[in-house]
Amino acid sequence: MADRSALTRRGLFRGIGSATVVASCTRTHPGTATNTPSTDAALSPGEIGPSPSRLSFELNGKAVQVDVEPRTTLLDALRVDLDTTGTKKVCDRGACSACTVLVDGVQRNSCMMLAHDVEGRTVTTVEGLADDGHLTVLQRKFVEHDALQCGFCTSGMLMSCSALLQRTAGRGSALSKEEVQDAIKGNLCRCGTYPHVIAAVLDASKERA
Amino acid sequence: MAKTEIKVGFGDQVKAVSVELPKGEAKPWDADAQLEVVGKPIPRRDGALKVSGRAKYTYDVNLPGMLYAAVVRSPLPAAKVVSVDTSAAEKIAGVKAVVQVAEKGDAVLFAGQDVAAVVAERPEQAWQAARAVKVEYEQRRFVTRLAFAATPDAPLVHRGAVEERRTEGHVTEGGGGDAQGNKRPLRPMKKGDVSKGLKGATVHEAVYETQVQTHSALETHGIVARWDDDEHLTVWASTQSIFSVRDELAEVFDLKPTNVRVHTDYLGGGFGAKFGASAPGSRLGTIAARLAKQTGAPVKLMCDRHEEQVCTGNRPDSIQTVKVAGKGTALTAIEVQSIGTAGIGTGAGVGRNAFAVYTKCPNILVDSSDVFTNAGPGTAMRAPGHPQGAFAFELALDELATKLGVDPIELRLANDEHPVRLWQFEEGAKRFDWKAKRAESKRLREGKARIRRGCGVAASIWGDFGRPKAAVVTCSVLRDGSVEIRNGVQDIGTGIPTVLAQIGAEVFTRPLDTIIVRYGDSELGSSVGSGGSQTTSSVTPAVRNACEDAKEKFIEHVAELLGAKPADVSWANDGTLSAGGASITFAQACKKIPGESITATADRPATYGNHPMPFLGAPMPQIAGVQFAEVEVDTWTGVVRAKHVLAMHDCGRVMNRLTCTSQVNGGVILGTSYALMEQRVMDHDVGRMLNPNLESYKICGAADTPEIEVVLTDVYTGANNTGAAGIGEPSTIPTAAALACAVFDALGEPVRRLPMTPSRVLAALGAVPAPKGLG
C-alpha cells in the first residue's frame with residue numbers, strides 16, 4: 001500500500017504555504033540525498049530542492065534514475081523527463097483518471113503525486129502492461145471490441161481495468177458489469193467508449209475464468 | 001453522356017435509377033454490390049499502438065532542445081490593458097523569452113483572453129513565469145448574462161465590426177441583418193405564413209432554455225512548432241483539420257503553404273473546436289511559432305484544462321420561444337424565436353430540426369439571433385445548433401401531442417416526409433416496445449409512484465456534406481506486394497485509416513494487412529477537415545477512384561506479362577491473375593513491376609445523387625436518424641437516470657460496423673451528458689467561469705451511461721462511389737430531446753431547461769420553487 005507519510009501534491013498544498021514548499025521539502029525516504037546534484041544552501045540532511053535532485057525508482061521493470069525538482073509531479077516526470085508518454089495528462093488535478101499508473105501495484109493518479117514520492121518504489125505505466133511486446137488479454141480485448149476511439153482515455157482505462165483484473169485474479173469467475181462500471185467510474189472518456197470498454201473487460205475476465 | 005443504372009434505396013424499398021457519372025468515376029457500390037471487406041466490423045488498425053501507449057499524440061511530441069510555452073490570460077471579462085511588466089518573469093530560472101500578445105491600450109473582451117506568453121526550458125518554469133507577468137488593467141463594464149446582454153441597457157461587447165468565424169465543414173446559418181446593441185439576427189428560415197397556421201388550431205407555446213456546453217476533448221488544444229529554416233515551418237498540431245492549420249500558419253508568417261508541414265499522427269478528440277492553427281479564443285498556434293522563431297528552438301504549447309474550458313470554444317446556450325400548432329395529427333404552424341450567446345463569437349443558431357424535419361407542416365418560421373457577451377467564443381460543436389434546437393422543438397411537440405390527445409409517434413409519422421426516418425420511427429417503435437412502455441409509464445404516473453419511468457422519441461437531420469475535389473489520394477501497388485494509400489487526412493478518433501484500408505482491400509481483393517495507409521501529414525496529399533461529418537464521405541470515394549485507377553494500370557502490366565489483352569485478365573480471390581491459360585500470382589506480378597510501383601492519383605467529384613430525399617432541397621442526401629429513450633425518475637430526489645437508448649441511424653452505406661457503432665455510442669453518451677449533467681457555470685458578478693475543470697464541470701461517466709442499442713439502417717444513396725455518408729453529428733442530435741420527452745412522459749410535466757438537474761425536476765413537479773433561468 002501507499003506510504004501515507006509520503007508527500008502528495010494535494011496534501012502539500014493543503015498543509016503549508018507553497019512558498020515554503022518550494023524552498024525546501026523533506027523527503028520521507030532517507031538515504032538518497034547524498035546522490036543529489038543539488039547545490040541549494042542550508043539544506044538539512046534529507047531535505048531536497050528547489051533544484052533538481054536524484055530520484056531512483058523502478059519503471060516498468062527497469063531501474064531508472066532521474067534528476068527532478070521537488071515540485072515536479074510524477075506525471076510530468078514520466079512524460080517530460082522519461083519520455084514515457086503513454087500516460088496522458090488531461091485534467092492535471094485528479095478528476096479524470098487519464099494519468100492512472102500503478103504504484104507498487106495500486107492505481108494512483110500520477111498527476112496527484114510528486115515524482116519524489118515514488119523513490120524506491122515500483123511504477124507501472126501502460127507501456128509496462130505488455131510482456132516483451134506481447135499485448136495482454138485485456139489489451140487485445142480492447143482492440144477487438146473497439147474500446148477506444150481517440151484513445152486519449154485508453155491508457156487510464158487500461159490501468160484501472162488491469163488493476164481490477166489483478167485484484168480479482170484469485171476468484172476464478174467472470175466479472176459482473178457493475179464491477180467493471182465501478183472500476184472505471186473515475187475514468188472520463190469524451191468519445192463515448194464506456195460500453196465497449198465494459199464489453200472488453202467482461203470478455204477478458206471470461207477468458208480468465 | 002452515358003448513363004449508368006444503379007440501385008438505390010434501403011431495406012426492401014430499392015429502385016433502379018440512371019445516373020450520369022462524372023468522367024473517371026468508379027461505378028457506385030449500390031444496393032446490389034456484394035462487398036467482402038467494406039461494411040464489416042473490423043477493429044481499428046492503430047488499436048495495438050493506442051493500447052500500448054506507443055501512439056504519439058501532439059501532447060506527446062518531445063523534440064531535442066524543445067522549450068515549453070505558457071500563455072498569460074486576462075482574469076477580467078472586459079478591460080483595457082494599461083501595462084505589461086515582464087521583468088520579474090524574465091528573471092525566473094529557465095525562462096528564455098517573455099512576449100506581449102496584447103499591447104498597451106488593447107481591449108480585453110473575455111476572461112481568458114491572451115495577454116502575454118512565456119517560454120522556458122521546463123513546463124513548471126513556464127507556468128511560474130506566466131504567473132509572474134504583471135499586467136495592469138483598466139476595468140470596463142461587462143455582461144455575461146444572455147437575457148441582459150440582449151437589452152439596450154447592456155454594455156456593448158464589441159465596439160467595432162465583428163468578423164464572422166466560419167468553421168470549415170460547417171454550413172453556418174449565416175448573418176441575416178445588422179446588429180442592434182449586442183444582438184445580431186441570423187438569417188431566418190421561413191415558409192408559408194405562421195399566423196395563418198395558428199387560426200383555429202390547438203396551440204402550444206412555451207420557453208425552453210439550454211446551457212453552454214464545452215467540448216472538453218481529452219487532449220487539450222496545442223501545438224509543437226519548429227522552424228527548419230527561415231522559410232520552412234514544421235508543426236505537430238492537435239487538430240481536426242491539418243490543412244487549415246497549414247494555410248493559417250502560412251498566411252500569418254507569410255510562407256508558402258507548401259513550406260509549412262503539419263503532422264497529426266494521433267488526435268485526442270476535437271468535437272468541432274480544433275480547426276485552424278489556434279483555438280477559437282486563443283492565438284496559441286501563432287504564439288508557439290513566434291516563440292520558436294524568437295528562441296531558435298522547437299516550442300510546445302499545450303493548453304491546460306482551465307484554458308481549455310474558457311478559451312477553446314463551446315456550444316452556445318439558447319432561450320427559445322417555441323410555438324407549435326396542430327389540428328388532428330397535422331401540424332399547421334411552427335414558430336421558434338431564439339436568442340443565444342456564443343460569447344464574443346457568433347453561431348448561436350438552433351439548427352434545422354424545427355424547420356426541416358416535419359416538412360408536411362406548411363407554415364414555419366425559425367428566427368434566431370446571436371447575442372454577444374463577454375465570454376469565451378462559441379464554435380462549432382458536434383452538430384452545431386441541432387441538439388439545442390431538437391430539445392426545444394421535440395419537447396414542445398410532445399406537449400402539443402398531449403393537448404391534441406395523440407401519440408407522439410403518430411404525430412411525427414403524420415408530419416415527416418423522409419422515407420428512412422418514417423421507417424426508423426415505425427421499426428424503432430416495435431423494437432423498443434413503445435406502446436407497452438408508454439402504458440407502463442402512464443400507470444406509474446397516474447399511481448403517483450415515487451420511481452417513475454418514461455419514454456421519448458426524437459428525430460435527427462443532417463446532410464451528406466461530402467466535399468468534391470478536396471481529398472487527393474494516391475494509391476501505389478508496390479513491388480513487395482503491398483498496396484499503399486496516401487492522403488493527408490487526420491484521424492479524429494473515428495478510425496478513418498481503417499476504413500481507407502478496407503476500401504483498398506475491397507478493390508484489390510487483397511488481405512487487409514497488405515494495405516498500407518499513410519495519413520496525418522500535410523505532405524501526403526490534400527484532404528478535408530473532420531467537420532460536418534464529412535470525412536468518410538469526402539475521402540473514401542477518392543480512395544476508391546485512386547485504387548481503381550491503380551488497379552487498371554496494374555492489370556495492364558499483368559496483361560503484358562501474360563501476353564494478353566487487359567480485358568482478358570481475370571482476377572481470382574486468392575490473388576491469382578490469369579489470361580488465356582497462363583497465370584501469375586499477385587506477388588509475382590508485383591515483383592515484376594518496372595521501377596518501384598504502379599501509382600495512380602485521384603480525387604472525388606461532386607456528389608451526384610440525393611436519394612432517398614434531398615437535404616433542404618440541396619443536391620445532396622439528407623441523413624435520417626431517430627432515437628428512443630427511456631428514463632427512470634425519482635420524484636423524491638429529482639434524479640433522472642437514462643436507462644436505455646435505441647439509436648436508429650442512417651449513414652449511407654456503413655463502412656465499418658464496429659467503428660460506426662462506436663461513433664453512435666459516443667453521440668448518445670455526449671447527448672446524455674448534455675441532457676443531464678453538463679453546464680458551464682458563470683459568475684455573472686465577476687464574469688468568470690466557475691467550473692473550468694473536469695470535477696465541477698460534469699461529463700458523463702460509465703455509471704451515467706444508458707444501455708445503448710445501435711441499429712444502423714444502410715441506405716444506398718448512389719451519391720458517391722462508396723455510398724458513405726456521415727454519422728458523428730447526426731448521432732448526437734436527438735439524444736437530449738428524446739430524454740427530455742421521456743422525462744415529460746414520466747412526470748406528466750415538462751422540464752424545459754437543460755441540463756435536467758434534480759432541482760429543475762423537483763421544480764417541474766412543484767415540489768420546490770423554480771430556480772432562476774438564463775435570464
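Because the structure is a prediction, the values reported are computed rather than measured. In what follows, chains carry the letters A, B, and so on, assigned in the order in which the sequence lines appear, proteins first and then strands, with residues in each chain numbered from 1.
- When atom types are taken as modelled, the side chain of Asn656(B) and the backbone of Thr659(B) share a donor-acceptor pair closer than 3.5 angstrom.
- Contact annotation for Ser673(B): only side-chain heavy atoms (C-beta onward) come within less than 4.5 Å of a heavy atom of chain A.
- Counting only residues at least two apart or on different chains, the salt bridge (Lys or Arg N to Asp or Glu O under 4.0 Å) pairs with a member in residues 53-65 of chain B are Arg79(A)-Asp60(B), Asp83(A)-Lys56(B), Lys88(A)-Asp60(B).
- If you tally non-hydrogen atom pairs under 4.5 Å between each of Thr154(A), Ile184(A), Val80(A), Thr193(A) and chain B, the highest count goes to Val80(A).
- Heavy atoms of Ile492(B) lying under 4.5 Å from chain A belong exclusively to its backbone.
- Residue Cys189(A) touches chain B through its backbone alone, counting heavy-atom pairs closer than 4.5 Å.
- With hydrogens and angles disregarded, no donor-acceptor distance shorter than 3.5 Å links the side chain of Asn109(A) to the backbone of Cys111(A).
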Should Glu308(B) and Arg305(B) be marked as a salt bridge (charged side-chain N to carboxylate O under 4.0 Å, His left out) after you check the CA-CA gap, both sets of side-chain angles, and the distance that decides it? CA-CA 5 Å; Glu308(B) 190 69 14; Arg305(B) 186 52 52 184; 5.0 Å; no
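- For Ala48(B), the parts lying under 4.5 angstrom from a heavy atom of chain A are both the backbone and the side chain.
- Taking the six-membered ring for Trp and thresholds of 30 and 60 degrees, Tyr266(B) and Tyr57(B) have ring planes inclined between 30 and 60 degrees apart.
- Most heavy-atom pairs under 4.5 Å with chain A: of the set Gly268(B), Ser696(B), Pro123(B), this distinction falls to Gly268(B).
- Put simply, of Ala703(B), Ala217(B), Pro41(B), the one with the most heavy-atom pairs under 4.5 Å next to chain A is Ala703(B).
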Set out, in order, the CA-CA distance, both residues' side-chain angles and the distance that settles side chain to side chain donor-acceptor pair (under 3.5 Å) for Thr735(B) and Gln627(B), then state yes or no. CA-CA 6 Å; Thr735(B) 313; Gln627(B) 289 184 8; 2.6 Å; yes
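- With a 4.5 Å cut-off on non-hydrogen atoms, Asn693(B) touches chain A through its side chain but not through its backbone.
- For His215(B), the part lying under 4.5 angstrom from a heavy atom of chain A is the backbone only.
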Apply the test side chain to side chain donor-acceptor pair (under 3.5 Å) to residues Gln663(B) and Ser731(B): give CA-CA distance (whole Å), side-chain angles for both, the deciding distance (0.1 Å), then the verdict. CA-CA 8 Å; Gln663(B) 274 201 72; Ser731(B) 64; 5.9 Å; no
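- Interface residue Tyr59(B): backbone and side-chain heavy atoms are both found under 4.5 Å from chain A.
- Residues from residues 194-208 of chain A that place a non-hydrogen atom less than 4.5 Å from a non-hydrogen atom of chain B comprise Tyr194(A), Pro195(A), His196(A), given in numerical order.
- Contact annotation for Glu178(A): neither backbone nor side-chain heavy atoms come within less than 4.5 Å of a heavy atom of chain B.
- A heavy-atom distance below 4.5 Å is found between the side chains of Asn60(A) and Thr124(A).
- In terms of modelled atom types and a separation under 3.5 Å, the side chain of Gln240(B) and the main chain of Ser530(B) share a donor-acceptor contact.
- Looking at Thr494(B), there are no atoms closer than 4.5 Å to chain A (heavy atoms on both sides), in backbone or side chain.
- Each of Leu135(A), Val126(A), Leu188(A), Asp146(A) has some count of heavy-atom pairs under 4.5 Å with chain B, and the biggest count is that of Asp146(A).
- Of all the listed residues (Thr125(A), Thr72(A), Leu158(A), Asp76(A)), the one sharing the greatest number of non-hydrogen pairs under 4.5 Å with chain B is Thr72(A).
- With a 4.5 angstrom heavy-atom cutoff, Leu267(B) touches chain A only via backbone atoms.
- Looking at Thr84(A), neither its backbone nor its side chain comes within 4.5 Å of chain B, counting heavy atoms on both sides.
- A distance of 10.0 Å separates CD1 in Ile669(B) from CG in Asp704(B), rounded to the nearest 0.5 Å.
- Not counting sequence neighbours, the partners of Glu121(B) by the salt bridge (Lys or Arg N to Asp or Glu O under 4.0 Å) test are Lys96(B).
- Of the possible donor and acceptor atoms, one in the side chain of Glu127(A) sits under 3.5 Å from a partner among the backbone N and O of Gly86(A).
- Top candidate by heavy-atom pairs under 4.5 Å with chain A, chosen from Ala55(B), Gly495(B), Ala93(B), Cys700(B), is Cys700(B).
- Under the 4.5 Å side-chain criterion, counting only non-hydrogen atoms from C-beta, Thr220(B) is not in contact with Ser238(B).
- Listed by first and then second residue, the ring-ring contact (aromatic ring centres under 6.0 Å, His included) pairs that reach into residues 121-151 of chain A come to none, sequence neighbours excluded.
- Checked for salt-bridge contact, Lys177(A) and Glu707(B) meet the test: a charged N lies under 4.0 Å from a carboxylate O.
- Put simply, of Val664(B), Val668(B), Asn665(B), Leu670(B), the one with the most heavy-atom pairs under 4.5 Å next to chain A is Asn665(B).
- Contact count against chain B (heavy-atom pairs under 4.5 Å) is highest for Gln139(A) among Arg140(A), Glu69(A), Gln139(A).
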